[in-house]
Amino acid sequence: ARRGIKYEQASTPLPALFTDSARVRQIIGNLIDNAFRWTPDGGTVRVSAHTRPAGGAVVVVTDNGPGIPPERQLEIFEPFRSQNTPDGQHGSGLGLAISRQLARALGGDLRVESRIGAGSRFILELPAEAHQASLPR
């Protein structure tokens, strides 16, 4: 609120997912936290969710921050890769790496679409049923 960032949510009715809900909350929480860090004062963070055509769900977290250069879009998912946010904060570089690893362990994926000056969209895809055998404990 003190930065004047608008937060918007939109969702269609979602199917039941048989997954590790704590891990899903961890992933989404990290994506939202990152979006707020990178969104400029007065900007907007959007979270939307809808059903995947193949079953399961898609959660999209969008910001209108500075965007990620194409050559960095793969490395942001590697451990210990971090840059200073616009307000000078520097994270550990583990959040996105862990989030992608968890998404894949649940049988889904996490990817980014971004353009310089146009912000970023992080897309979390989850199947209707997690691969329980591969979940980290």
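The basis for the numbers below is simple: all heavy atoms, side chains too, and nothing from hydrogens, waters or symmetry mates. The residues of the chain are indexed from 1 along the displayed sequence.
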Inset, instruction - Start with the C-alpha gap between L31 and L110, add the side-chain angles, then the distance that decides, and say whether side chain to side chain contact (heavy atoms under 4.5 Å, CB included) holds. - result: CA-CA 10 Å; L31 296 177; L110 176 61; 3.9 Å; yes
Legend entry - Trace of the side chain to side chain contact (heavy atoms under 4.5 Å, CB included) decision for I123 with V112: CA-CA 6 Å; I123 300 110; V112 65; over 6 Å; no
Inset, instruction - Carefully, step by step, assess T39 and N64 under the rule side chain to side chain contact (heavy atoms under 4.5 Å, CB included). - result: CA-CA 6 Å; T39 297; N64 62 346; 3.2 Å; yes
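One distance of note links CD1 of I5 with OG1 of T44; it measures 8.5 Å at 0.5 Å rounding. Distance check, rounded to the nearest 0.5 Å: CD1 of I27 to CG of L124 gives 5.5 Å. Atom CZ of R111 sits about 7.5 Å away from atom CZ of R121, to the nearest 0.5 Å. K6 contributes atom NZ, which lies 6.5 Å from atom CZ of R46 (distance to the nearest 0.5 angstrom). Considering CD1 of I28 and CG of L126, their distance stands at 7.0 Å, rounded to 0.5 Å. Expressed to the nearest 0.5 Å, how far OG of S114 lies from CD1 of I76 amounts to 7.5 Å.
Residues E8 and S48 have side chains not in contact (no heavy-atom distance under 4.5 Å, counting atoms from C-beta outward).
Closest heavy-atom contact between I116 and I68: CD1-C, 3.7 Å. Across G65 and P40, no two heavy atoms sit closer than the pair CA-CD, 3.8 Å. Looking at every heavy atom in both residues, N30 comes nearest to L96 through ND2-N, 3.7 Å. Between A97 and E78, the shortest heavy-atom contact is CB-C, 3.9 Å. Closest approach of L94 and P79 over heavy atoms only: CD2-CB, 4.0 Å. The minimum heavy-atom distance between S120 and G67, with the atom names listed, is OG-CA, 3.9 Å.
No continuous path of hydrophobic side-chain contacts links L74 to I98 [ILVMFWY only; heavy atoms under 4.5 Å]. Put simply, L17 and V59 are part of the same group of oily side chains (I, L, V, M, F, W, Y) that touch within less than 4.5 Å, one to the next. V60 and F77 end up in different hydrophobic clusters when Ile, Leu, Val, Met, Phe, Trp and Tyr side chains are linked at under 4.5 Å. F36 is connected to V61 through a chain of hydrophobic side-chain contacts under 4.5 Å among Ile, Leu, Val, Met, Phe, Trp and Tyr, so both are in one cluster.
A donor-acceptor contact shorter than 3.5 Å is absent between the side chain of D109 and the backbone of E125.
Side chain to side chain, R23 and Q26 meet the donor-acceptor criterion of an N or O pair below 3.5 Å.
By the side chain to side chain donor-acceptor pair (under 3.5 Å) test, R100 pairs with no residue at all, sequence neighbours left out.
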